[in-house]
Amino acid sequence: MNSILCARQFCSAIVEITVGDIVKQGKTVSIVHPTDSRFSLNGLIGKKIRENSNLVELKDACSKLPPLQTGEVAITKSFGLIASSIIHCKAPKKGDRGEQDLLRLAYANVLEVADKSGEDTVAIPALSAGGGGLSIETSAAMAIEAIKDMGPSFSKLRKVRFVLQDADSADVFSKELMKQPSLPEGWERFNFLNKYSKMDFEAMRCGVLGDWDSKWFAYYEEPWLLIYRGNRRYGECFYAFRLPQVNQQSDSLLEMEDAWCSASFSEIRVTHAQDVLDLIFGLVSLVDDKGVHYLSGAKLWKKYQKIVMALENKMISALEARRLAAELLAMADELERGS
């Protein structure tokens, strides 16, 4: 397999950029085939699939599927390819009405089907570029936007690999991938001293899609955790936290490296940020200026070389129990060290 030129984490998935042959990415990888409504194998990738697969069986499988509409995808077995499956996608062409929205939709549908396929890796080309007539810049921008949108929903997908045909295309995708989020005008940096455990940060990096009960959405774009009211496409971003690098061998509690908020929350930002993070992620460790640790339904603090624990709720989930145990162990270590 070709070397990875660039990589970055979005929620639970690592996004990679490489130059190479998409049909030779590995046995446990779903590959994407840009095609038309009739699943033709006439494009560059289609020809490689035709040359390396059991063509009769592949065509028979595709003939049983309904025609693809623009932006739609369908999945088949790989039929002899060095891949787990083929995701066929009809991406838009230049001149199609709403071409950019359709392209974003096509990428999103590819990611959704790849996640549901059960494999942990999907290999994607630059959709709609080249024969599709759209620029490589547009293809890259819509690809990364789709990943940002879909990231919190991934359950199985752990790696999204963009396999480009040449170094110039890979450079465009790499630059788009590494763009840092721009903070809205008028935002303010604030002093957020709360400390969190390794497990808390792992939960934050996975992100959360809100629902009708909780309209808060969380997106992780390494190294930033972005908190939206409503989804990132139509909602408003209220908080941005720069998460620290976590030493997997350490159980120490860590602070955010940086924290920004909308000016509308300038007066209540610390308290409100605590409440929002607690609401989104369930149980997270929060430390106030008096050294009290708040964990959904529990308060922990040290007094006279003892740990005082006050429980507000009698029932907690398995995940909450693990985090509570981790917090107690961390505080016990602090006591033994005399801190």
Side-chain angles (χ1 to χ4, degrees), residues 6-17 144-145 147-152 154 158 160 174-210 216-233 235-289 293-295 323 326-327 330:
C6 184
R8 186 180 177 195
Q9 184 175 349
F10 288 84
C11 293
S12 58
I14 302 296
V15 182
E16 302 175 340
I17 308 296
I144 303 306
E145 282 298 303
I147 288 173
K148 292 176 181 179
D149 291 344
M150 299 293 292
F154 295 156
R158 292 296 177 265
V160 179
S174 295
K175 289 178 179 177
E176 190 66 38
L177 175 66
M178 298 309 293
K179 281 183 180 178
Q180 297 297 309
S182 56
L183 300 178
E185 185 177 351
W187 270 42
E188 301 174 355
R189 176 182 273 121
F190 68 104
N191 198 19
F192 193 67
L193 299 178
N194 297 56
K195 292 184 178 181
Y196 298 87
S197 70
K198 177 174 61 179
M199 294 180 68
D200 293 328
F201 285 119
E202 288 175 356
M204 291 178 195
R205 285 184 172 88
C206 290
V208 169
L209 291 179
W216 293 103
F217 289 65
Y219 301 87
Y220 180 63
E221 303 175 20
E222 185 184 4
W224 290 94
L225 177 69
L226 306 175
I227 308 296
Y228 282 76
R229 186 67 168 171
N231 65 43
R232 67 177 299 276
R233 192 168 184 183
E236 180 183 355
C237 186
F238 282 1
Y239 294 101
F241 300 99
R242 186 182 178 92
L243 271 54
Q245 292 291 327
V246 177
N247 183 347
Q248 295 302 317
Q249 306 303 316
S250 173
D251 291 324
S252 299
L253 299 178
L254 298 174
E255 296 176 1
M256 301 288 191
E257 290 190 351
D258 203 358
W260 290 76
C261 73
S262 167
S264 59
F265 287 106
S266 59
E267 297 299 323
I268 59 170
R269 52 198 175 193
V270 174
T271 302
H272 188 260
Q274 290 176 356
D275 292 342
V276 170
L277 288 173
D278 192 29
L279 174 65
I280 293 174
F281 297 106
L283 183 107
V284 292
S285 305
L286 304 171
V287 183
D288 65 14
D289 57 3
H293 298 233
Y294 293 86
L295 304 93
R323 291 182 177 173
E327 190 73 33

Colleague: Quick one, Gln245 and Pro223 - any side-chain contact, counting heavy atoms below 4.5 Å?
Modeller: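 Not in contact.
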Colleague: Residues in side chain to side chain donor-acceptor pair (under 3.5 Å) with Ser12, at least two apart?
Modeller: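 Per chain and number, Ser12 pairs via side chain to side chain donor-acceptor pair (under 3.5 Å) with Arg158.
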Colleague: Considering non-hydrogen atoms only, spot the tightest contact between Ser262 and Glu236 and give its length.
Modeller: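 That closest heavy-atom pairing would be OG-OE2, 4.3 Å.
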Colleague: Just by modelled atom types, is the Trp260 backbone N or O under 3.5 Å from a matching donor or acceptor in the Arg242 side chain?
Modeller: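 Absent.
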Colleague: Can Phe10 and Val160 be said to form a side chain to side chain contact (heavy atoms under 4.5 Å, CB included), step by step?
Modeller: CA-CA 10 Å; Phe10 288 84; Val160 179; over 6 Å; no
Colleague: Measuring only between side-chain heavy atoms, which start at C-beta, is Leu277 closer than 4.5 Å to Leu225?
Modeller: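 Touching, per the 4.5 Å side-chain cut-off.
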Colleague: Write down the atom of Asp258, the atom of Arg189, and the distance for their closest heavy-atom approach.
Modeller: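 That would be OD1-NE, 2.9 Å.
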Colleague: Looking at SG of Cys261 and CG of Leu183, how far apart are the two atoms once the value is rounded to the nearest 0.5 Å?
Modeller: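 Between Cys261 SG and Leu183 CG, I get 10.5 Å after rounding to 0.5 Å.
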Colleague: So Gln180 and Trp224, side chain to side chain contact (heavy atoms under 4.5 Å, CB included) or not? Walk me through it.
Modeller: CA-CA 8 Å; Gln180 297 297 309; Trp224 290 94; 3.4 Å; yes
Colleague: What orientation do Phe192 and Phe190 show, parallel under 30°, tilted 30 to 60°, or perpendicular over 60°?
Modeller: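 Ring orientation of Phe192 relative to Phe190: perpendicular.
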Colleague: Please round to the nearest 0.5 Å and tell me the distance separating atom CE of Met150 and atom CG of Leu209.
Modeller: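 That separation rounds to 8.5 Å.
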Colleague: Salt bridge check: are Arg205 and Glu222 linked by an N-O gap of less than 4.0 Å?
Modeller: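 Result for this pair is no, no salt bridge flagged.
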Colleague: Do Tyr220 and Gln9 make a side-chain contact, defined as non-hydrogen atoms from C-beta onward lying under 4.5 Å apart?
Modeller: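 Side-chain contact under 4.5 Å: yes.
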Colleague: What distance separates Lys195 NZ from Leu193 CG, expressed to the nearest 0.5 Å?
Modeller: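 Between Lys195 NZ and Leu193 CG, I get 9.0 Å after rounding to 0.5 Å.
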Colleague: Measure the spacing between CD1 of Ile144 and NZ of Lys175 and express it to the nearest 0.5 Å.
Modeller: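 Rounded to the nearest 0.5 Å, the CD1-NZ separation comes to 14.5 Å.
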Colleague: Closest heavy-atom contact between Ala259 and Phe241?
Modeller: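 Shortest heavy-atom contact: CB-CD2, 3.8 Å.
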Colleague: Any idea how Trp216 and Phe238 line up, ring-wise: parallel (<30°), tilted (30 to 60°), or perpendicular (>60°)?
Modeller: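 Aromatic pair Trp216/Phe238 classed perpendicular.
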Colleague: Check Cys206 against Cys11 and note the closest heavy-atom contact, atom names and distance.
Modeller: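 Of all heavy-atom pairs spanning Cys206 and Cys11, the closest is O-CB, 3.4 Å.
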Colleague: When you compare the side chain of Pro181 with that of Tyr219, does any pair of heavy atoms fall below 4.5 Å?
Modeller: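 Not in contact.
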Colleague: What distance do Asp200 atom CG and Leu253 atom CG have between them, rounded to the nearest 0.5 Å?
Modeller: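 With rounding to 0.5 Å, CG (Asp200) is 8.0 Å from CG (Leu253).
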Colleague: When you compare the side chain of Phe201 with that of Met256, does any pair of heavy atoms fall below 4.5 Å?
Modeller: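 They are in side-chain contact.
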Colleague: Restricting to non-hydrogen atoms, name the atom on Ser174 and the atom on Cys6 that form the minimum distance, rounded to 0.1 Å.
Modeller: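 The pair with the smallest heavy-atom distance is OG-CB, 3.6 Å.
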Colleague: Just verifying a value: how many Å separate Ser197 OG and Glu202 CD, rounded to the nearest 0.5 Å?
Modeller: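 The OG atom of Ser197 sits 8.0 Å away from the CD atom of Glu202.
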Colleague: Taking all non-hydrogen atoms of both residues, which atom of Ala240 and which atom of Leu226 are closest, and how far apart?
Modeller: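 Closest approach of Ala240 to Leu226: CB-CD2, 3.7 Å.
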Colleague: Under a 4.5 Å cut-off applied to non-hydrogen side-chain atoms, are Tyr196 and Met204 in contact?
Modeller: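 Yes. Closest side-chain heavy atoms under 4.5 Å.
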